[in-house]
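As structure tokens, the structure follows; a few thoughts come after it.
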Amino acid sequence: MTSVAEKVKAGDVRTVARLIRDIDDGMPGVKKTLKELYPYTGRAHVIGITGSPGVGKSTLVDQMINHLRKKGKTVGTLAIDPTSPFSGGAILGDRVRMQRHAMDQGVYIRSMATRGHFGGLTHSTRSAIDVLDAMGKDYIIVETVGVGQDEVDVVKAAHTTIIVLVPGMGDDIQAIKAGILEIGDIFVINKSEREGTDKTLSDIRAMIEMDPDKYAKGKWKPPILKTEAVFDKGVSEFLEEIDKHWEYLKESCDGKALRKTRKKVRDELAELIKNRFIKDILNNLIKSKEFDKAVDSILNGTIDPYTACDNVMLPILGTRKK
Amino acid sequence: MANKRVLRVMVAKPGLDGHDRGARIIARAFRDAGFEVIYTGLHQSPEEIVEAAIQEDVDMIGLSSLAGAHNYLFPRTVELLREKGGDDIVVCGGGIFPDNDISELKASGIKEVFTPGTPLTEIIEWVQENVKPRGG
Ligand SMILES: Nc1nc2c(ncn2[C@@H]2O[C@H](COP(=O)(O)OP(=O)(O)OP(=O)(O)O)[C@@H](O)[C@H]2O)c(=O)[nH]1
Ligand SMILES: [Mg+2]
């Protein structure tokens with residue numbers, strides 16, 4: 001019988017779909033498959049697209065897919081929407097905008113929910129990216145709503161990060177400045193047929209130029225592009241910049257597989273370890289009697305939380321920290 | 001990282017009618033019941049619906065149709081699922097159907113049919129009872 005990994009490598013859609021489900025649901029068996037697939041990853045160009053709700057991310061992705069397919073490239077898409085904190089359910093609606101590619105065997109589209117468990121989003125997204133990579137997709141596009149830290153982390157897993165904005169988001173730009181400006185490799189002002197586009201463009205440019213070290217000579221200086229995704233305007237120029245960024249990355253790491261740059265490997269390993277800590281240590285700890293006892297002691301005033309934390313950690317760390 | 005299956009359902013609108021109010025209402029109700037709902041939008045062919053369902057690894061497809069073409073579109077969806085190896089995906093339908101059609105739809109493999117006025121809670125209970133996450 002052919003293994004799951006073999007079927008993924010052969011591009012079997014049902015196997016891929018099921019494997020991503022198992023990853024998302026935290027099924028224990030997936031680790032073996034992911035280990036087998038790892039040597040076959042590192043080939044695809046991973047593009048992260050983020051921006052506030054409704055700015056046109058999915059429409060843009062749909063057009064990108066269209067252009068890339070015309071050039072004979074294959075595309076995998078992960079479209080991530082938030083899980084409702086109240087019910088644990090989610091409405092995953094990004095596919096609506098991309099559904100015209102449903103019958104195209106060169107395109108795989110998967111909707112995912114953030115699910116809200118510690119580090120879960122980044123963990124399953126990274127693994128899902130690996131699956132699509134091993135499946136042989138040339139480009140992998142990950143769409144997230146850029147709000148929380150988790151989304152920013154996902155975007156870190158990408159090689160090229162796109163920040164999508166719309167004209168006239170004065171205050172929003174301030175927010176972006178605080179959080180995600182640093183991670184943008186390319187800025188897109190979508191719906192640029194609207195008023196205020198040039199103002200938004202010069203605002204972003206000003207912000208980028210305020211950071212002279214980061215964009216010093218020889219380093220990538222993020223371009224700012226105008227698009228009208230629904231009308232397919234500016235999309236091919238946008239894709240050219242994406243390819244330029246890829247070339248830049250390849251040059252700046254001496255042509256080594258990008259996935260295996262020291263920084264990416266460090267990030268990824270640290271994240272796996274963090275997830276294991278949470279899954280195997282934290283989750284057991286908070287179920288333990290010691291933990292409950294510590295909570296009681298804090299509640300009845302016999303101990304402070306800091307000491308309680310030291311006490312609970314003692315058996316794990318082995319030494320008492322002052 | 002709970003080792004826990006979350007039910008994934010697809011809400012799809014085959015056919016030509018341009019109203020998706022009902023589909024949106026049911027999508028929201030499913031979300032509030034804790035399901036992950038993939039919505040595919042209007043005017044979907046059975047081929048597109050089935051392809052999407054397989055890519056998304058859903059446990060159920062809910063087909064919604066007001067216009068009369070359900071007699072062809074619903075059974076065709078079931079048939080395609082079988083061809084594509086997705087026969088463990090439950091298909092149910094919602095819309096306005098004459099009684100005769102309902103029995104024929106069921107005979108063709110549509111597991112349940114909901115007509116207008118069915119309380120949302122009833123639909124959700126039915127799903128919870130009859131649709132289990134695939135793969136255990
Ligand atoms: N006027 C105009 N509308 C656009 C443009 N691009 C997209 N839209 C519309 O903007 C709306 C939202 O588009 P989406 O692609 O769903 O936006 P999104 O950022 O993916 O939204 P979420 O995933 O919900 O955060 C849709 O009605 C699009 O048709 C554009 O260039 N100009
Ligand atoms: Mg979207």
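Labels below follow one simple rule: chain letters A, B, ... track the order of the sequence lines, proteins then strands, and each chain is numbered from 1.
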Which is it for A:Arg21 and B:Glu56 under the salt bridge (Lys or Arg N to Asp or Glu O under 4.0 Å) test, yes or no, and what are the steps along the way?
CA-CA 8 Å; A:Arg21 173 83 175 267; B:Glu56 297 285 358; over 6 Å; no
Does any backbone or side-chain atom of [X] lie under 4.5 Å from a heavy atom of chain B? Answer side chain, backbone, both or neither.
X: A:Ser84; result: side chain
X: A:Val30; result: neither
X: A:Phe86; result: neither
X: A:Asp22; result: both

Between [options], who has the most heavy-atom pairs with chain A when the cutoff is under 4.5 Å?
options: B:Val37, B:Asp57, B:Leu7; answer: B:Asp57
options: B:Val9, B:Leu42, B:Ile38; answer: B:Ile38
options: B:Ala27, B:Gly85, B:Ala33; answer: B:Gly85

Where the side chain of A:Gln99 meets the backbone of B:Glu48, is there a donor-acceptor pair that is under 3.5 Å apart?
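Yes; judged by distance alone, with no hydrogens or angles, the pair exists.
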If only atom types and distance count, is the side chain of A:Arg18 paired as donor or acceptor with the main-chain N or O of B:Arg134 below 3.5 Å?
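Here the side-chain-to-backbone pair exists.
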For the residue pair A:Arg95 and B:Ala52, what are the closest heavy atoms and their distance?
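It is NH1-CB, 3.3 Å.
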Could you please spell out the steps behind the side-chain hydrogen bond (donor to acceptor under 3.5 Å, both in side chains) verdict for B:Gln55 and A:Arg14?
CA-CA 7 Å; B:Gln55 291 183 19; A:Arg14 274 174 52 212; over 6 Å; no
